[in-house]
Number of protein chains: 2
Amino acid sequence: MTQYSPRLAKLIDALRRLPGVGPKSAQRMAFHMLDRDREGAKFLGETIGEALAGIARCPTCRMFCEDARCLYCTAKRAETGQVCVVETPADLMAIENSTPYRGRYFVLMGRLSPIEGVGPEELGLDRLGRALADGSVKELIVATNPTVEGEATAYYLAEMAKARGVKVTRIAHGVPMGGELEYVDGGTLSHALSGRQPV
Amino acid sequence: MTQYSPRLAKLIDALRRLPGVGPKSAQRMAFHMLDRDREGAKFLGETIGEALAGIARCPTCRMFCEDARCLYCTAKRAETGQVCVVETPADLMAIENSTPYRGRYFVLMGRLSPIEGVGPEELGLDRLGRALADGSVKELIVATNPTVEGEATAYYLAEMAKARGVKVTRIAHGVPMGGELEYVDGGTLSHALSGRQPV
């Protein structure tokens, strides 16, 4: 087995906790930090501390947020009356970067998953329920992933909105742009056909 | 452009300084740290600080070293009289992990590269020269990479050793195990043929 000195072994272990980092990458990162970029490593170490201390969750939309005012809960966004529900902060960033949507968000930080013990409370759906009830939301856009659990979550959200008389929509699922029908999986193709729209 | 809050942007920037980490991976790592593994992130931040403070270079072999006694400069290793010269700490680890070699090392932390201003002093070759002159080294094993600069460095090291009457060897270059002659590049094949050995 690889014999590292204790501090080096600890650093490599710590780096391996990052997603997508295996033993080889962790070793490469550690050697890079120690050999070529000690300044960058110092910056990273300090920045992690600052981020952990300074970044919390927005109480309204559950996105990461570091000031009293959340970037995504502005009055201007609230005016649209739209709330887009996504599973993760990365999903929010993807919509924000690639689409013209500029309404509010609600980040579940997960999806309904009875097996993993994730129920409506863990996803903050009580809070979303209250927001739906107070009349400020005109449209709930459900953008959970088209996986089994994401679909179950979407169904649950739709029932919640309907019970409170709020319009609810689901993002379209179908053949991706640039995709070829021949190579698209059957489930996607069925979805695309049943979701056909007049042109 | 992606709009992150300031601390999040800084964290993502800091992560991007790691080798092999682009914008998407950095975002994924940052979100993972903030959302799922705050404890791991805290551990990483602290560990980086400890590693920077506690890990220096061994004055003898230039490998990373954190105590007065370097792991690779033990008396037992010195008894072999062998010193293996490698370019980087990762090369040392590769040899240590995959071969039975248990002699000493000398880590160049680079290679001769006049274009990048890396000369013999930057690689600590004055120190290696003194070690070669004092009679403690019986064999210098040159394990620099078979690149243009690695070969030039190997040539320089060989001349140094010969001038001091020390036996010098170069690790073998040829067809890699499991490789097929048909797909091996010409340079490697020429090397393999000229370096043929009696069986």
Side-chain angles (χ1 to χ4, degrees), chain A residues 1-8 10-21 24-25 27-57 63-67 70-72 88-90 93 96-97 107 109-110, chain B residues 1-8 10-21 24-25 27-57 63-67 70-72 88-90 93 96-97 107 109-110:
Chain A
M1 262 313 299
T2 311
Q3 276 274 341
Y4 298 110
S5 57
R7 282 196 192 83
L8 187 57
K10 200 173 160 194
L11 177 60
I12 290 172
D13 272 354
L15 285 165
R16 285 197 58 187
R17 291 181 71 158
L18 292 172
V21 177
K24 280 260 173 188
S25 313
Q27 180 190 294
R28 189 167 155 232
M29 287 175 177
F31 287 169
H32 177 90
M33 288 203 279
L34 291 167
D35 181 24
R36 309 224 183 125
D37 194 13
R38 281 186 169 245
E39 197 193 319
K42 187 159 170 276
F43 178 61
L44 176 59
E46 291 166 358
T47 305
I48 291 173
E50 276 175 37
L52 289 177
I55 301 181
R57 299 241 189 108
M63 179 59 180
F64 298 127
C65 158
E66 56 188 69
D67 301 307
C70 169
L71 277 176
Y72 306 101
T88 65
M93 294 311 308
E96 194 69 10
N97 288 338
V107 184
M109 296 282 182
Chain B
M1 262 314 298
T2 312
Q3 276 272 341
Y4 297 112
S5 56
R7 282 195 192 82
L8 188 55
K10 200 173 159 193
L11 178 60
I12 290 172
D13 272 354
L15 286 165
R16 286 196 57 188
R17 291 181 71 159
L18 293 173
V21 177
K24 280 261 174 185
S25 312
Q27 179 190 294
R28 188 166 155 232
M29 287 174 177
F31 286 168
H32 177 90
M33 288 203 278
L34 291 167
D35 181 22
R36 309 223 184 125
D37 195 13
R38 282 186 168 247
E39 198 193 319
K42 187 160 169 276
F43 178 61
L44 176 60
E46 290 166 357
T47 306
I48 291 173
E50 276 175 37
L52 288 177
I55 302 180
R57 300 240 190 110
M63 180 58 180
F64 298 127
C65 159
E66 56 189 68
D67 300 308
C70 170
L71 277 178
Y72 306 101
T88 65
M93 294 312 308
E96 194 68 12
N97 286 338
V107 184
M109 295 281 182

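Below, chains carry the letters A, B, ... as their sequence lines are ordered, and counting in each starts from 1. Keep in mind that this is a model prediction, so the values were computed, not measured.
Taking CZ of A/F31 as the reference point, atom CE of B/M93 lies at 6.0 Å (rounded to 0.5 Å). Going from atom OG1 of A/T88 over to atom NE2 of B/H32 covers 13.5 Å, rounded to the nearest 0.5 Å. Note: A/E50 CD to B/K10 NZ = 3.5 Å, rounded to the nearest 0.5 Å. Between B/D13 atom CG and A/L44 atom CG the span is 11.0 Å, to the nearest 0.5 Å.
You'll find the side chain of B/R17 reaches within 4.5 Å of the side chain of A/D37, heavy atoms only. Looking at heavy atoms from C-beta onward, A/I48 lies out of side-chain contact with B/K42 at the 4.5 angstrom threshold.
Looking at B/S5, both its backbone and its side chain come within 4.5 Å of chain A, counting heavy atoms on both sides. There is no contact between B/E96 and chain A, counting heavy-atom distances below 4.5 Å. Only the side chain of B/F64 comes within contact range of chain A, with at least one heavy atom under 4.5 Å from a heavy atom of that chain.
If you tally non-hydrogen atom pairs under 4.5 Å between each of B/C65, B/P6, B/A56 and chain A, the highest count goes to B/P6. When each of A/G45, A/A51, A/P19, A/G40 is scored by its heavy-atom pairs under 4.5 Å with chain B, the top score falls to A/P19. By number of non-hydrogen pairs under 4.5 angstrom with chain B, the leading residue of A/L11, A/L18, A/L71, A/L52 is A/L52. Of the listed residues (A/P89, A/G49, A/C70), the greatest number of heavy-atom pairs within a distance under 4.5 Å of chain B belongs to A/P89.
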For a side chain to side chain contact (heavy atoms under 4.5 Å, CB included) check, start with the C-alpha distance between B/V21 and A/M29, then their side-chain angles and the critical distance, and finish with the verdict. CA-CA 10 Å; B/V21 177; A/M29 287 175 177; 3.6 Å; yes

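In terms of heavy-atom proximity, B/I55 sits nearest to A/L34 at CD1-CD1, 3.9 Å. B/G20 and A/R28 get closest at one heavy-atom pair: N-NH2, 4.1 Å.
Enclosure of atom CZ in A/R7 by more than 12 non-hydrogen atoms of other residues, nucleotides or ligands within 6.0 angstrom is indicated.
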